[in-house]
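What follows is a short report on a single structure.
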Amino acid sequence: MGAEMLILTALPAFAPAISDAIRGIVGRIAGATEGVKPQSVDEGIRLMQAETERLKALKDLDAPAGNISAWVADLRASFRYVAAGAILLTAVVTLFVRDMNPAHVEMAWQGAQSAWSFIFGDRMYAYIRKR
């Protein structure tokens with residue numbers, strides 16, 4: 001049961017790469033090799049400006065309100081990773097605890113799948129795409 005859970009946890013990390021491979025295959029069959037491209041320099045500039053505005057909006061949403069101390073800002077910035085680590089650790093601990101309710105084990109590993117995908121899946125895929 002433990003190996004199955006580990007495999008199911010690692011699979012979401014490969015979901016972006018698998019979906020991109022499927023998109024690439026469909027694109028080749030359909031004749032589209034590089035996706036949508038701007039048709040003029042003006043469209044390219046507007047697309048870059050829109051992307052810049054989107055990133056600014058995301059930055060503003062994530063910015064802390066008011067003047068807070070440095071440790072609070074650091075904890076706030078790292079909380080997603082601390083929480084994901086705690087979720088993963090909890091799931092691994094369920095492998096070593098005897099007489100645990102199977103429903104709780106399943107719930108812990110479902111959470112671990114999401115945390116694993118958050119930490120490794122998207123970042124690993126972005127690294128692979130850079131090459």
Side-chain angles (χ1 to χ4, degrees):
M1 180 167 143
E4 293 172 1
M5 292 294 187
L6 289 174
I7 290 170
L8 289 174
T9 301
L11 282 178
F14 297 106
I18 293 168
S19 67
D20 191 55
I22 292 170
R23 185 180 59 85
I25 291 168
V26 170
R28 286 188 189 239
I29 292 170
T33 57
E34 296 188 30
V36 178
K37 284 189 167 185
Q39 297 298 313
S40 66
V41 174
D42 185 49
E43 284 182 5
I45 292 170
R46 286 188 301 189
L47 184 62
M48 283 192 262
Q49 288 172 340
E51 181 66 20
T52 302
E53 290 300 318
R54 184 182 76 82
L55 291 173
K56 284 180 184 177
L58 287 173
K59 178 186 159 253
D60 291 342
L61 285 173
D62 203 34
N67 188 13
I68 60 173
S69 64
W71 73 270
V72 173
D74 292 342
L75 179 63
R76 184 178 179 276
S78 65
F79 181 74
R80 289 178 223 149
Y81 300 98
V82 171
I87 291 168
L88 288 168
L89 184 62
T90 300
V92 170
V93 167
T94 63
L95 295 174
F96 301 104
V97 176
R98 295 180 190 258
D99 300 327
M100 190 163 204
N101 185 344
H104 293 150
V105 173
E106 181 68 27
M107 195 173 9
W109 280 97
Q110 285 177 1
Q113 290 169 4
S114 298
W116 184 271
S117 180
F118 164 71
I119 291 174
F120 298 110
D122 216 23
R123 285 149 185 85
M124 178 183 69
Y125 178 65
Y127 178 76
I128 290 170
R129 289 291 293 189
K130 284 183 183 179
R131 290 186 163 201

Using a strict cut-off of less than 4.0 Å between a Lys/Arg side-chain nitrogen and an Asp/Glu carboxylate oxygen, indicate whether D42 and R46 qualify as a salt bridge. yes

Exercise: identify the closest heavy-atom pair between T94 and A108: CG2-CB, 3.9 Å

Working to the nearest 0.5 Å, report the span between CG of N101 and CE of M107. 8.0 Å

Step through the shown structure and confirm whether more than 12 heavy atoms of other residues, nucleotides or ligands are within 6.0 Å of CD on E51. yes

How long is the gap from CD on Q113 to CD on Q110, to the nearest 0.5 Å? 6.5 Å

Counting only heavy atoms not in R76 (residues, nucleotides, ligands), do more than 12 fall under 6.0 Å from its CZ? yes

Give the cluster check for V92 versus M100: same hydrophobic cluster or not, with ILVMFWY residues linked at side-chain heavy-atom distances below 4.5 Å. yes

Distance from T90 atom OG1 to H104 atom NE2, nearest 0.5 Å? 13.0 Å

Closest heavy-atom pair, A115 versus L88, reported as atoms and distance to 0.1 Å, is CB-CG, 4.1 Å

Grouping I, L, V, M, F, W and Y whenever their side-chain heavy atoms are under 4.5 Å apart, do F96 and W109 come out in a common cluster? yes

Output, in order, the C-alpha distance, side-chain angles, deciding distance and verdict of side-chain contact (heavy atoms from CB on, under 4.5 Å) for L55 and K59. CA-CA 6 Å; L55 291 173; K59 178 186 159 253; over 6 Å; no

May I ask you to test the I45-Q49 pair for a side-chain heavy-atom distance under 4.5 Å? yes

Would you confirm whether S78, through its side chain, and Y81, through its main-chain N or O, come within 3.5 Å as a donor-acceptor pair? no

